[in-house]
Every structure is written in structure tokens, then in C-alpha cells.
Engineer: 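I am attaching a structure below and will ask some questions about it afterwards.
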Amino acid sequence: IGCLLRPPAGCTIRITDKAGRTHWASLRSEPLAWQGRPAALCLLRDVTALRLTEEKYRRVVDATSEGFALLGPDMRVAEMNPALLFMTGRSPVELVGTPFDHLYDLESVEFYSASRDHMSFEASLIVRDGGRLPTLFQRSTLRDPDGEVAGHLVFLTDITELKATQAELRKAEHRYRSMYRNAVQGMFQAELDGKLLRVNPAYARILGYDSTEEMLSLKASSVGLYFDPAERLRMLKALKRRGILANFEVKLRRKDGQPVWALANYRLTQDDRGQKIIEGILVDHTQRRRLEEALRRGRERFRGLSMRD
């Protein structure tokens, strides 16, 4: 009877047919006068299939680990799932009617994307004890057949572990960059044709350049750094065959034209586009090479003196 007294929007009722089967029906009523007495015109529409679909999706929403909130056109919380209650530490009574923008710290908002009916952003969810929970919010607008806003669906994902992983990755990247820049070994990446992609300060210093920027700005490729270009071709051929070369001795040319000997380790790998590149680490071997050469000449002189004696 209460439905008959409601405005034309009506309500949903459950009825039983002659065979005992349960149906859901949408009931709309219009007040009128019939033979001089108050009456109501009732319109009944079977919405059982729609009701079952709604119940199925409700079970899915209730079972998901993501928080969910249904907002009314006024942007206030109308419904929520157990996951959102767990995330916030609040009860349904506390959340129903809460303005959506009271759920999170406005100053923490970072937008990812926004359009007419969809919005994705990161913000700190305000929990019961006043703490903050890093959360990804994804909001979609619901519209009626006339295109008017009927409400909003909001899914909330706890990204605490993601944030912790990102922080560890940043620390690891910082450590790698520090090691790369401060290493005493020369490090580089180059394309197979010799074009230098990256070099560290030690690599530039070994070859007599003032900075990595100066070295990367050269039009000439790393091919010109070899005293004997044929030596690079031999290295490249062996690297393509084996995939890695260890303790490969090379004679390179410094910026001032002087030779520098180096022990190098090369590895054939791929960049982000899947293109093959060379990664290398080299140690300046010049001083040791000169000592070995001086020792060799000393032995030859000693051998020559011994033969004359």
C-alpha cells in the first residue's frame, strides 16, 4: 500500500504467480478520481531478469577486494561494499550520506585521466583513525535515458604495496645511477653500427674527454675510437657468435690521438624496442701494458748483452 502512495517513480515489489514462482515487478502509480472517489492507476512491469542481473553484480561487487561506492546525483555515498568498510574502518551508518570528496585528502590528489563520464586519480583515503591510505580512485558517471546524471560508480584500489615497490625501485635506480656515475670502470652502450648511446664519466675520462656530454655529441661513432677498425669488426663478429666476450684487450684512440689499452667485457643485449645493442665495461690497461713492454725490452737487451759476452 505504501507504494501506491509514493510519487510516480514507484517502487520494486516481489510477487508470486499462480504456480508459486517468485517474480520482481516495478510498480508505478498515478493518483486519480474514479466515480467521485480517490483511486490509483497502477502499472506493473516484470523486472525479474533485471533484478537477477543486479543481484549477480552485487555479489561480484561484494566479493571483490576493491572498495566500491555508489554515489547519488548529489555526489553523496548511497551504497558501499564490505571492502570499502574494511579499508576505511567505518560502518555503513557512518558512510551513507557522506560527500564523496570527504573520503579523501583533497591536497593529495594526483590526476591520471579525466573525461566527461570517467575520472581516474590517486589520493589518500581518510581512514577511521585519521591515517591515510594510498588509493587509486576510478569514477564513472551513470546517466538515465535522457542523458541526465543518475549517479556515479566509484572503485577504490589500495596501492600501498605498489607505492612501496615504486619507492624501492627509485632507491635501486638511485643506487644504480650512483654506481654508474662513480665507477672507476668505463661503461657504455652502443648500437651495432658504433653509435654511442650512453657512457659514464669514467669511460669519457679514460678516452681523454672532459665530459660524457662532449663524447656523446661527437658525430663520429665508437668505430673511430679503435686504432685498428678491423679489430672492432673481429670483436663484433665474435660477440654475435658468443653473445659475450670477457677480458678482451683492445687498443683505443684518446681524444688527443694517443693510444690507450683497455681490458673490456662486452655483452650483446636488447634495448626497449627490441633492437640489439652492445653493453661494455672496460678498465684502463695502458700502464700495465707499458710496464710489460718495458719489461720485454729489458729482457731483450739483457739477452743481447749475454750473447755478446
Engineer: Using a 4.5 Å cut-off on heavy atoms from C-beta on, say whether the side chain of Leu106 contacts that of Asp101.
Structural biologist: yes
Engineer: Do Glu168 and Arg175 meet the salt-bridge criterion of a basic N to acidic O distance under 4.0 Å?
Structural biologist: no
Engineer: Using modelled atom types and a 3.5 Å cut-off, is there a donor and acceptor pairing between side-chain atoms of Ser140 and backbone atoms of Leu153?
Structural biologist: no
Engineer: First locate atom CE of Met87, then atom OG1 of Thr160, and finally report the distance between them rounded to the nearest 0.5 Å.
Structural biologist: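 If we round to the nearest 0.5 Å, Met87:CE and Thr160:OG1 are 8.0 Å apart.
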Engineer: Any heavy-atom pair between the side chains of Leu282 and Leu263 that's under 4.5 Å?
Structural biologist: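 A side-chain contact under 4.5 Å is absent here.
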Engineer: Between Met235 and Tyr226, does a side-chain contact (heavy atoms from CB on, under 4.5 Å) hold up when you go through it step by step?
Structural biologist: CA-CA 11 Å; Met235 176 274 293; Tyr226 286 77; 3.5 Å; yes
Engineer: Using the rule side-chain contact (heavy atoms from CB on, under 4.5 Å), only one of Leu133, Leu125, Thr88, Asn81 pairs with Leu156; which is it?
Structural biologist: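 Exactly one pass, corresponding to Leu125.
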Engineer: Where the side chain of Thr165 meets the backbone of Glu161, is there a donor-acceptor pair that is under 3.5 Å apart?
Structural biologist: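 The answer is yes, because a donor-acceptor pair under 3.5 Å joins these two groups.
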Engineer: In the single-linkage hydrophobic clustering (I, L, V, M, F, W, Y; side-chain heavy atoms under 4.5 Å), do Val154 and Val149 co-cluster?
Structural biologist: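 No, no single cluster joins them.
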Engineer: Just wondering, do Ser120 and Leu136 contact through their side chains at under 4.5 Å, heavy atoms?
Structural biologist: yes
Engineer: List in chain and number order the residues that pass ring pair (Phe, Tyr, Trp, His ring centres under 6.0 Å) with Phe248, two or more places apart in sequence or in another chain; answer none if no residue qualifies.
Structural biologist: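 Phe248: no ring pair (Phe, Tyr, Trp, His ring centres under 6.0 Å) contacts found.
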Engineer: Grouping I, L, V, M, F, W and Y whenever their side-chain heavy atoms are under 4.5 Å apart, do Leu197 and Leu192 come out in a common cluster?
Structural biologist: no
Engineer: Do any N or O atoms from the side chain of Glu214 and from the backbone of Asp210 form a donor-acceptor pair under 3.5 angstrom?
Structural biologist: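 Yes: the side chain of Glu214 pairs with the backbone of Asp210.
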Engineer: For Tyr104 and Phe121, I'd like to know if the aromatic rings sit close, meaning centre-to-centre distance below 6.0 Å.
Structural biologist: yes
Engineer: Can you confirm whether more than 12 heavy atoms, excluding those of Arg143, are under 6.0 Å from its CZ atom?
Structural biologist: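 Yes.
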Engineer: If you count the non-hydrogen atoms of other residues, nucleotides and ligands that lie under 6.0 Å from CZ in Arg132, is the total more than 12?
Structural biologist: yes
Engineer: Nearest 0.5 Å, please: how far is CG in Leu44 from NE2 in His23?
Structural biologist: 11.0 Å
Engineer: Does this structure show an ion pair linking Arg128 with Glu94, if we count only N-O contacts that are shorter than 4.0 Å?
Structural biologist: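 Glu94 and Arg128: salt-bridged.
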Engineer: Does anything in residues 249-294 form a ring-ring contact (aromatic ring centres under 6.0 Å, His included)? List the pairs, not counting sequence neighbours.
Structural biologist: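 Listed by first then second residue: nothing to list.
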Engineer: Establish whether Val109 and Met119 are linked, either directly or via other cluster members, by ILVMFWY side-chain heavy-atom contacts under 4.5 Å.
Structural biologist: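 Cluster IDs for Val109 and Met119 match.
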Engineer: Does a side-chain N-to-carboxylate-O contact under 4.0 Å join Asp228 and Lys251?
Structural biologist: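 Salt bridge between Asp228 and Lys251, a charged N being under 4.0 Å from a carboxylate O: no.
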Engineer: Under 3.5 Å, side chain of Asp46 to main-chain N/O of Ala25, donor-acceptor pair present?
Structural biologist: no
Engineer: Using the side chain to side chain donor-acceptor pair (under 3.5 Å) rule, pick out the option among Glu279, Lys195, Arg267 that qualifies with Gln189.
Structural biologist: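 One option only clears the test, and that one is Glu279.
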Engineer: My understanding is that only residues two or more places apart in sequence, or in another chain, count here; which of them pass side-chain hydrogen bond (donor to acceptor under 3.5 Å, both in side chains) with Arg116?
Structural biologist: none
Engineer: Hey, quick one: are Phe100 and Val96 part of the same hydrophobic cluster, counting side-chain heavy atoms closer than 4.5 Å, chains of contacts allowed?
Structural biologist: yes
Engineer: Measuring from atom OG1 of Thr141 to atom CG of Leu71, what distance do you get when rounded to the nearest 0.5 angstrom?
Structural biologist: 9.5 Å
Engineer: To the nearest 0.5 Å, how far apart are CD in Glu249 and CG in Asn247?
Structural biologist: 10.0 Å
Engineer: Mind checking the CG-CG spacing from Leu103 to Leu95? Nearest 0.5 Å is all I need.
Structural biologist: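 The CG atom of Leu103 sits 6.5 Å away from the CG atom of Leu95.
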Engineer: Taking ring pair (Phe, Tyr, Trp, His ring centres under 6.0 Å) as the definition, give me every residue that meets it alongside Tyr209, ordered by chain and number, with sequence neighbours left out.
Structural biologist: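 Applying ring pair (Phe, Tyr, Trp, His ring centres under 6.0 Å) to Tyr209 gives none.
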Engineer: Begin from the C-alpha positions of Cys42 and Leu27 and carry the test side-chain contact (heavy atoms from CB on, under 4.5 Å) through to its verdict.
Structural biologist: CA-CA 7 Å; Cys42 298; Leu27 175 63; 3.8 Å; yes
Engineer: When you look at CD of Glu107, are more than 12 heavy atoms from neighbouring residues, nucleotides or ligands closer to it than 6.0 Å?
Structural biologist: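 Result for CD/Glu107: open.
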Engineer: Is it true that, when you exclude Gln275 itself, more than 12 heavy atoms of the residues, nucleotides or ligands shown sit nearer than 6.0 Å to its CD?
Structural biologist: yes
Engineer: Please lay out, stage by stage, how Phe68 and Met80 fare under the test side-chain contact (heavy atoms from CB on, under 4.5 Å).
Structural biologist: CA-CA 5 Å; Phe68 168 80; Met80 76 293 300; 5.9 Å; no
Engineer: Evaluate whether atom OH of Tyr112 has more than 12 neighbouring non-hydrogen atoms of other residues, nucleotides or ligands under 6.0 angstrom away.
Structural biologist: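 More than 12 heavy atoms, drawn from other residues, nucleotides or ligands, come within 6.0 Å of this atom.
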Engineer: Taking only residues two or more places apart in sequence, or in another chain, which ones meet Asp256 in a salt bridge (charged side-chain N to carboxylate O under 4.0 Å, His left out)?
Structural biologist: Arg254
Engineer: Return yes when atom NZ of Lys255 has more than 12 non-hydrogen atoms of other residues, nucleotides or ligands closer than 6.0 Å, and no otherwise.
Structural biologist: yes
Engineer: Distance check, rounded to the nearest 0.5 Å: Asn200 atom CG versus Ile281 atom CD1?
Structural biologist: 9.0 Å
Engineer: Just checking Asp129: does its CG atom have more than 12 heavy atoms from other residues, nucleotides or ligands closer to it than 6.0 angstrom?
Structural biologist: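 It does: Asp129 CG has more than 12 such atoms within range.
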Engineer: Kindly determine whether Ser91 and Leu85 satisfy side-chain contact (heavy atoms from CB on, under 4.5 Å), including the steps that lead there.
Structural biologist: CA-CA 6 Å; Ser91 67; Leu85 298 178; 5.7 Å; no
Engineer: Should Ile159 and Ile126 be counted in the same cluster of Ile, Leu, Val, Met, Phe, Trp and Tyr side chains packed under 4.5 Å apart?
Structural biologist: no
Engineer: What pairs with Gln138 under side-chain hydrogen bond (donor to acceptor under 3.5 Å, both in side chains), at least two apart in sequence or on another chain?
Structural biologist: none
